[in-house]
Amino acid sequence: SVQGDDASLTVTAPNGFSWVVDCVVEANSDVVFGDPNLAPFPERYTRWPAIQIAGCVGTDRTAVVSFRGEPFLGGNTYVLRIGGLVNAMELPASNLWLLQLTGSR
């Protein structure tokens, strides 16, 4: 598990993409997937623990999202949406994204 009070998620986009400085994060599963009355929450995903998003900072191809609160549990798949990405003018030959979750544990 990764402790939320010092946790961060770093998202590195492929060449040609860039993040705005003040990126915006949505971690409420009902907002990410839409109205839960219209479609149930997909069972393959885990609802987020009780966390607070402390901020999101974009620099070139990298966005860093900071969290505080409950720990993330390994083996679970969480969903979120990060806004503020400027798309590449052309799709790069290597369209690989890197996500790295770090924390105090």
Side-chain angles (χ1 to χ4, degrees):
S1 71
V2 175
Q3 185 64 37
D5 54 18
D6 290 319
S8 66
L9 174 68
T10 302
V11 180
T12 304
N15 286 325
F17 291 85
S18 63
W19 295 97
V20 298
V21 173
D22 295 322
C23 42
V24 178
V25 178
E26 180 56 66
N28 180 331
S29 303
D30 293 335
V31 174
V32 172
F33 285 111
D35 187 344
N37 296 317
L38 298 177
F41 183 76
E43 293 181 17
R44 67 180 176 262
Y45 300 112
T46 302
R47 291 191 183 273
W48 282 73
I51 63 157
Q52 173 190 6
I53 298 169
C56 182
V57 177
T59 306
D60 298 321
R61 297 175 35 217
T62 303
V64 178
V65 182
S66 302
F67 304 100
R68 292 192 181 107
E70 297 287 322
F72 293 95
L73 301 175
N76 291 314
T77 303
Y78 301 99
V79 298
L80 77 156
R81 182 183 306 143
I82 304 175
L85 178 69
V86 178
N87 286 330
M89 295 297 283
E90 294 183 22
L91 194 59
S94 177
N95 191 16
L96 299 176
W97 294 74
L98 175 64
L99 287 85
Q100 182 178 12
L101 181 63
T102 58
S104 61
R105 292 188 205 177

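Counting heavy atoms of neighbouring residues, nucleotides and ligands inside a 6.0 Å radius, atom CG of Asp22 does not exceed 12 of them.
A heavy-atom distance below 4.5 Å is not found between the side chains of Asp60 and Trp19. Between Phe33 and Pro42, some side-chain heavy-atom pair lies under the 4.5 Å cut-off. Proximity of Leu80 to Val25: side-chain heavy atoms (C-beta onward) are separated by under 4.5 Å at one or more points. Looking at heavy atoms from C-beta onward, Ile53 lies in side-chain contact with Val65 at the 4.5 angstrom threshold. At least one side-chain heavy atom of Trp97 sits under 4.5 Å from a side-chain heavy atom of Pro14.
Here the straight-line distance linking atom CZ of Phe17 with atom CG of Asn95 works out to 5.5 Å at 0.5 Å rounding. For the atom pair Leu91 CG and Asn15 CG, the distance stands at 11.5 Å (nearest 0.5 Å). Distance CD1/Ile51 to CZ/Arg68: 11.5 Å, rounded to 0.5 Å. Atoms OG and CG, from Ser8 and Leu101 in turn, are 7.0 Å apart once rounded to the nearest 0.5 Å.
Considering all non-hydrogen atoms of both residues, Arg47 and Phe41 come closest at NH2-CB, 3.3 Å. In plain terms, the two heavy atoms of Ala63 and Cys56 that are nearest each other are CB-SG, 4.5 Å. Of all non-hydrogen atoms in Tyr78 and Thr46, the two that sit nearest each other are CD2-O, 3.4 Å.
When the side chains of ILVMFWY residues are joined at heavy-atom separations under 4.5 Å, either directly or via intervening members, Val11 and Val20 end up in two distinct hydrophobic clusters. Cluster membership for Leu99 and Phe67, using ILVMFWY side-chain heavy atoms within less than 4.5 angstrom, is shared. In the hydrophobic clustering of this structure, Trp48 groups with Ile82; members are Ile, Leu, Val, Met, Phe, Trp, Tyr whose side-chain heavy atoms approach within less than 4.5 Å, directly or through other members.
At distances below 3.5 Å, at least one donor-acceptor pair connects side-chain atoms of Glu26 with backbone N or O atoms of Asn28.
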